[in-house]
Amino acid sequence: MKAVPFVAVILVMLIAGPPFLASYWVGLLTQMLIFALLAMSLDVLLGYTGLPSLGHAGFFGVAAYAVAVLSTTYHAGFWTCVMSGILIGTLLSTLLGLLVSHVRDVYFLMITLASGMVLWGLSYRWIPVTGGDNGISGIPRLDAHAGLPFAGPVAFYYVTLLVFVVSASLLALLVSSPFGFTLRGIRENELRMKSLGFNTWLHCWVSYIIAGAFASVSGVVWAYYNGFVSPTYLDLTASSELFLMVTLGGPGTLVGPVIGAGAIVLLKNVISAYTQRWPLILGTFYIITMFGAPQGLWNLGRRRRASS
Amino acid sequence: MIYIITQFLNGLFSAALLFLIAGGLTLVFGVMRIVNIAHGSFYMLGVYVAYTVIARTDSLLLGTIAAVLLVAAVGLAVERLFLRRFASRPLPQMMMTMGFALVFRDAAFMIWGGDPFTLPYPALLAGSVETRDIVFPAYRLFVMLVAAVVGLLLWVLNEHTLIGAKLRATVDDPEMAAATGINVALVSGGVFAAGAALAAFGGVMGGPILGGYAGMDLDLLPLAFVVVIIGGMGSLKGALVGSIAVGLIDNFGKALVPELSYFTLFAPMVIVLAIKPTGLYGRG
Amino acid sequence: RPEALPIKIGFIAPLSGPNAQNGRDILNGFLLYLQEIGSGVDGRRIDVIIEDDEAIPAVGLTKTRKLVERDKVHLMAGALLSSTGYALAPYIDAMRIPMLYPVVSADDLTQRRRSKWIVRTGYSGSQPNHAFGEYAYHTLGLKKVATIALDYAFGWESVGGFQRTFEAEGGLVAQKIWCPVFVHDFAPYLAQIPRDVDAVYALFLGRSALQFMRQYQEFGLKQRVRLIGAGTTTDEHVLPFMGDEALGVVTALHYTAALDTPANRKFVAAYRARYNRVPSYYSESMYTGAKWLVTAVEVVHGNVEDSATLVDALRHVKLTDAPRGPLELDDYGNPIENVYIRRVERVNGQLQNTVIETIPRVSQFWKYNPADYLKQPLYARR
Amino acid sequence: MLNVLDLHTYYGDSHVLQGVTMHVDSGRVTAVLGRNGVGKTTLCRSLVGLTPARAGRIVFNDTEITRLPPHQICGLRISLVPQGRRIFRSLTVEEHLAIAGRTRGSLAGVSEKREHRPGWDVRKVYDVFPRLSERRGHRGDELSGGEQQMLAIARALVANPVLLVMDEPTEGLAPMLVAEVGKLIRRLKDEGTSILLVEQNASFAVKTADYVHVMSKGRIVHSSEPAALWANGDIRTQFLGVPRVDPPVARD
Amino acid sequence: METSSACLVLEGVSRHFGGLKAVDNVNLTLQPGERHALIGPNGAGKTTLFNVISGELRADAGTITLNGADVTRLAAHQRAARGIARTFQITKLFPNLTVIENMLVACEALDRRRFTMHRPLSSCADLVERATNLLDEYRLSPFRRELARNLSYGDQRKLEVALSMAGRPRVLLLDEPMAGLSSGERDVMQALLRQLDPSIAVLLIEHDIDVAFGFAERITVLYQGRVLTEGPKEMVSANRSVQESYLGLLVE
Ligand SMILES: Nc1ncnc2c1ncn2[C@@H]1O[C@H](COP(=O)(O)OP(=O)(O)OP(=O)(O)O)[C@@H](O)[C@H]1O
Ligand SMILES: Nc1ncnc2c1ncn2[C@@H]1O[C@H](COP(=O)(O)OP(=O)(O)OP(=O)(O)O)[C@@H](O)[C@H]1O
Ligand SMILES: [Mg+2]
Ligand SMILES: [Mg+2]
C-alpha cells in the first residue's frame, strides 16, 4: 500500500516524459520496461513462491523466437505472431513445469538452469529453424506489421508501456489475491501448507506457468523491439542478469524488480560509455547493494520509511 | 574395443577433473549452504596465479603452492568481509558471489589480458603411456591419481574429525553453534577458503590441458554444478559418484551421439532430479 | 562551417567477456592507424566513440543505437561475431549509416543477404579455404582428409569451402567431426579421428585452438597424422602461446604477421612498438579497415554528412599497400585479396606463420561464376 | 556471580528489555518467571551474547561480558539450554555431545574412557538420559520432541558449565522426566553449578528454585524467595496468571 | 465399540524407521465428538502416529479410514481436505508473513477461492472475518501485524494451534498444544479446547496429566510404539503398567 504514491509518480513520469526525450533515451526506457516486466514475472517464482529459477530467460527467448520464425519464414500476420509467441512460451512453461515443480531450493535453481541450457542448446543447434548462432534477423517493424498509424521509437514506447501497465496490474492483482498468498505460504513453509490442505505441487506448477506466460509477453515485445533474435537471448548470462535484477530490486515485491531492471539497464548503458572497466564497476555495485540492502533496494527504502 | 577403453579412460579423466573442481563447491555448499557462483572465479584465479609464478620461477610446484595459498586468502577475505554478515541467508550470499564473479573476471582481464595460455606439463609426466594400440597421456593418469588422493583426504577429514560435525552444526543453526562454543567465523572462513583453494588446485591440475583463457570461470561452473547436483549438494560421496557419472556419460555421449552433445551434460541431471529431487545422495 | 566539426566514428566490438582480446586487437589496429595519420582528414579531426558490445547481438544493437541516435556518428565500424553482424544490418540499413565490418566473416553478409550500407573489408569464411582445398590436393598431395571443427556457422563455412574445392579436384573428405563451441576436452573427439587419412583439417580459434593443439600432440596423433587447418587455428592471436606442438601445421588465411612486404614490416614494427605484441589478423583487419575508411573520406573530401556518397566511395576504394597486400571489393561488397598458405615455423625462437605460397586475387566465389554460386545453398553442417 | 544491571535490549526498533536488573547467586538456582512474551527468552539471549544488549551491563565473576561474542561467553563456561530446543538437525546425538563437550579429539574416542575425569562427560549424560544413549546414532531431526529436549540439556551439560542458563527445560518432557530434570538441577547445584531457570511451569520452578524473579513487560517486577512469592497472591495472579492455590511440595 | 459411525479408524498401523518400530500395530477408533488423549513417555511414537494419520508419513502397514473412506494412500493435503487438521509439536508457521496473513492463508486452505487470482484476498470479507475472529479467540489480535517470527515462543505456539482450527476440521490432532504456554495462557487454551464444536473428534497429545485427564474421556497410552492400554480415563489411570511406565511420578 505504501507503494501507491511512488508507483503513481513513476507512472506519470513514464507517461508524460518520453515526448521530451531523445530517441536514444526513449529506446532505453523501452528496454527497461520490457526487462521490468520480465523481472516481475520471474519474481512471481523467485520472490513469491520461493522458487529460484535460473532458466527464466528461456521462455522469453522462446517466445521471441516464435515471433521471429513466424514473421520471417512464414510471413505470418501480427496477431498470429503475438498470440503464438505467448502461447508457445506458456505451453513450454506448462510442460517444463511438470518436470520441475516438485524440486526445491538449489535443486530448483539447477534444474531450471539445465532446462534453460537445453533451450539455449536447441536455439543454437536447431539451425533450419533458428538459424543457429547467427540468429534470425529481419523481423518486421511493429508499426508495419501491426498496421499502426504511428511509427518510431516513441510510438513503440507507448505500446510497450501499455503492455507493461496491463501486465503489471494483472500481476499486482495476482500477488494480492488468495492464490498469491498461497504462493507466499509455500515459500514460507511448504509442509505446513500441505497439512492445511494445499496441493502445493499444483500451486507451484500454476505459478510456473503464469511466470512463463508473462515472460513470453515480454519476449514478444523484445523481438519486435530488436528486430532479431539470437541464442544469447536465452543463455545463462541472460538468466542470471535477470536474477540479479530481481534480487537487487527486492524479491517478493513487484516494485523491486522494476527498480532492479531499471537500475541495471541504465547502469550498463551509462557506465560502459565512460569506461571499459564497467563489469568491474557493475560487480562492485552488486556487492555493495547486496551488502547494504540484502533484501533489495526497494525493501531498504521501505524499512527506512517504516522506521521514520 | 580400443576405442571403448580409450573413451572410458577419457571419461575417468574428466571425472577426476570434475571431482577436483566440484569438491570445493560441494564442500562450501554442504557446510555453508552457499551457492558459490564465484567458485569458477577461484578456479580461474588459481590458473592465472600459477601461470604468473611459473613464468617467473619456472617451478610448477611453487606455482601450485602460490596459487592455492593466494586463492585461499582471497576466499577467506571474501567470506570474512562480505559473506559472513549474511550467514544462513542463501539468496543474498549467492548474489554477492555473483557480484564477485563479475569483479574477478574483469580484474583478471585487466591484470592478465584475455590471451589464452596453457600451463607446462611437469617434465616427468610429459609423455604418454602406450600399451599396444592404446595411447594415454601420463599426465592424465596422474590427475586421476591426485583426484583419488584428494577425495580420500576429504573423506577422512569429514568422517574422522570433529571438523565436519562442527561445520554442519554451524550451518544448521549458526546461533546455537556459537552458543555451543564454536567460533563460527573461524569455521566458515576456513571452509570457504578451503573450497576456494580446492578450486584453484583443480584449475592448476587441469592447467596443462585446459589452460587459462577469458571466460573460463563461467565455462566450467555449470559442469561443476551439474556434478554436485546429480550427487546431491553437500555430499562428498555424491560429488564422487556425480563426477564419474557425468564424466562417462558426457564422454560417451559426445562420442556416440555428437548431435546431442549439448544435451548429454544436462539430460542426466534432469532425469536424476525428476526422480529424486535432492540428487542421489542429497538430503532435503 | 561544418568542416571544422570532427568526423565522428562509432566503434563497437566485444571489449569484455570471453572475446575481449579479439575485440581489443581490432580496436588496437584501428587506433594505431588513426594515430599514424595524426591530424585528421581534410582538416576535420576524427573522433572515435568506442562501445563494448559484450559479444551479445542485442547489446551490440543497443550500443549502435546509442552511437547513431545519441552521439550522431557519421559512420560505424567494428563488430566481431557473425550474429552481431546480422543483427545490426537491418538497423544500419534503416538509419542509412555506412558501416565497415572488418572481421565479421559470415559468407552470406556479402552473398545472399547483402546490405547496401555495410562494407566488409575482412574476408568471408569460405574464401581462403576454397583456395586451400585446391592447394591441399595438388601441392600438398593429400587425397583423403578428415576434418575436425567448431560446430557453428564459421566452422561449417570454412570446412564447406575446403571440402568443395578439395573434392572437386578429386580428394575425399572421409569424416567430418564437429565439436561444440564450449568443449575443452577434445579427447572424445580425437579418439574418433580415423588413422588412415593423409591429414586432419582443423578449425579452431582462441583457447580452443590452443587446447586442441596440445591434446592432438598429447594423444600421440601429431606423429601419426599430419595437421592442416584454417588460418585462425594458428593465427597470431594464439600462436605465441603455443609450443612445439604447432610446428609444421599448414593453414591458409589472407594475412600473416610474417608476411615479408615493406607495408607489413612497417605495420608489425609499429604495432609491436605500441602494444608490445605481435599483431593478429584481427589487429591487421581494422588497421586496414581504418585505412580504407580514411581513403574513402578523402575521396569525398571529408564530406561525411552525405552518407550516400560516402558509402559509394567506401565501395570503390582500392588499397595497394595494405599490410596484407592489395585489396579491392567485388560487386558484392567482399574484398578480393591474396590468400597465403602458411606453415608454422620457429624463427629466432618465436613461432611464426611463414608464407609458403601466395595465391593472388582470391574472390569469395573462387573460380566459380557468382550467379551460379549464389544459387547453391550456404555451406552447412552436412 | 552474575550481575545484570539496567539491561536494555532491542530487536530492531522494538524495545524488549527495558532495564532489567537482577542477579544469580553462586551455587544457587535462580528462577525467572513471567507470562508469555515478557522478555524472558530475550534476557537469556542477551546473557549468552546472541542478542547483545544495547545498554546496561552484564558482569560475570568480575568479567564484563555484555559485548562478548557468544563463543567467548561459552568459553567462560556459561551454557544455554535454549527455548525450542534448537537441535542441529543434521548432527547425530553423539556428534552433538562431541562438539559441545569440553574435550578435543576424535569422535571415536569420546564415548569410552574418561571415567576418572571429574565433571560431566558423555557417559554421565547418558546415565541421566538413557534414552539418548539408545538414540546416539540418530540425527537431530529424527528425534522426538522430548528426546530433542533431553539432548538440548545434555548438550549444555557436557560443556561443564559454571553457569547454566535453562530456558524452559521441561517443555515436552513426560512427567517422569520432569522429575528427573528436577533431580538433575538439584544435583548440579550440589556440584556447585549456578543455574538460571526460566520456566512456565510455575510450580516446578517454585519447587526447584532458591530465589525467584518475576518479569513483566521487559522489567523485573518482583524478586524474592519462592515461598514469599507463592504467598503473594497479587503477584501470582497479576504476573503469572496462576489462580489456583496449589502449595508447592516441600523438598528434602 | 462402534466402528461404522466412527470418523477415524486405525487398523494395525505401523511405521518403522530402519530397525526402529516407532509405531507398531496400532488400532485406534475415534467417534465424532470424542475427546481422546494420547499419552506416553518421550519417544513412544505419539508424534509419529500423528504424522501417519495426517499423511506426512506413509504407513508401512495397516489401514486408516476416515469417515468410512480408506485414506491410507492419500497425500497429506488430500486428507486435510477430508477434514483432518493437526498442529505440530515443533512449531511450523509462515515466519515472514504477519499473524493475520498466517491466519488468512490457513482460512483459504479448504476454500474454493484458493485459486482465485482476480481479486485481492483482503476483499474476501468472510475469510478476513473468520481469520480475525480466530485471532481474537486465541488472544493474538494485538499481534495482527507482527511477523510471525517475531512473536514470543508462547505466542507462536498459540498461533500454531489457531492455524489448525481454520479449516473447520472434523478430526483434530493436537500435538502438545499447551507446551510453552504460561499458566494463565494454559487456562485460556484449555477453555478454548473445551469450547470446541462438540461434533469434532479431538486427539490430544499431552504430557501434563491433569490437562489430559481433565480434557479427555478416553485415553490411549502408547509405549514403545504399541498401545499399552486404551479406554475410559478411570480405567487407564487405574492400570498398573501405565503407572509404572508413565505416571511413575504420581505414585512416587
Ligand atoms: N526477533 C524478534 N524481533 C522482534 N520482536 C521480537 C523478536 N523476538 C521476540 N520479540 C518480541 O519480544 C518480546 C519478548 O519476547 P521473548 O521471546 O523474550 O518472550 P518470552 O518471555 O520468552 O515469552 P515466552 O514465554 O512466550 O517464551 C515479545 O513481545 C516478542 O514479540
Ligand atoms: N524420521 C525419523 N527417523 C528415525 N527415527 C525417528 C524419526 N522420527 C521419529 N523417530 C524416532 O521414533 C520414535 C518415536 O518418535 P515420536 O516423535 O513419535 O515420539 P513422541 O511419542 O512424539 O515423543 P515426545 O513425547 O518426546 O514428542 C523416537 O524414538 C524417535 O527417535
Ligand atoms: Mg521464551
Ligand atoms: Mg512428540
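Note on naming: letters A, B, ... go to the chains in the order of the sequence lines (proteins, then strands), and numbering restarts at 1 for each one.
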Between D/E191 and D/T193, is the side chain to side chain donor-acceptor pair (under 3.5 Å) condition met? List the steps.
CA-CA 6 Å; D/E191 288 173 4; D/T193 309; 4.9 Å; no
Show me the donor-acceptor pairs within less than 3.5 Å that the side chains of residues 21-30 of chain D make with the rest of the protein, sequence neighbours left out.
{"from": "D/T21", "atom 1": "OG1", "to": "D/D6", "atom 2": "N", "distance (Å)": "3.0"}
{"from": "D/H23", "atom 1": "ND1", "to": "D/D25", "atom 2": "OD1", "distance (Å)": "3.3"}

Are the side chains of D/M215 and D/V198 in contact, using a 4.5 Å heavy-atom criterion?
no
Assess whether a salt bridge exists between D/D141 and D/R139, defined as any Lys/Arg side-chain N lying under 4.0 Å from an Asp/Glu carboxylate O.
yes
May I ask you to decide if the ring planes of D/H15 and D/Y10 are parallel, tilted or perpendicular, using 30° and 60° as cut-offs?
parallel
Where does the angle between the aromatic ring planes of D/F88 and D/H96 fall among parallel (under 30°), tilted (30 to 60°) and perpendicular (over 60°)?
parallel
Which bit of D/R155 is near chain B, if near means a heavy-atom gap under 4.5 Å: side chain, backbone, both or neither?
side chain
Heavy-atom cut-off 4.5 Å, strictly under: side chain, backbone, both or neither for B/A185 against chain D?
neither
Using a cut-off of under 4.5 Å on heavy-atom pairs, state which of B/A169, B/A165, B/G164 scores highest against chain D.
B/A169
Decide yes or no for B/W155 and B/L240: does some side-chain heavy atom of the first lie under 4.5 Å from some side-chain heavy atom of the second?
no
Using a cut-off of under 4.5 Å for heavy-atom pairs, which of D/P69, D/P70, D/A156 has the most such pairs with chain B?
D/P70
By number, which residues in residues 41-62 of chain D have some heavy atom less than 4.5 Å away from chain B?
D/R45, D/L50
Heavy atoms, side chains only, cut-off 4.5 Å: are B/F82 and B/T97 in contact?
no
Output the option from B/T180, B/T170, B/N183, B/I182 having the highest count of non-hydrogen pairs under 4.5 Å with chain D.
B/N183
Would you check if the side chain of D/K40 reaches a backbone N or O of D/G34 as a donor-acceptor pair within less than 3.5 Å?
yes
Partner of D/R135 under salt bridge (charged side-chain N to carboxylate O under 4.0 Å, His left out), chosen from D/E94, D/E142, D/E147:
D/E147
Which residues in residues 16-25 of chain B have any heavy atom lying under 4.5 Å from a heavy atom of chain D?
none
List the residues meeting side-chain contact (heavy atoms from CB on, under 4.5 Å) with B/V204, not counting sequence neighbours, and say none if there are none.
B/A50, B/T64, B/A67, B/L119
D/L17 side chain reached by D/H8 side chain, heavy atoms, under 4.5 Å:
no
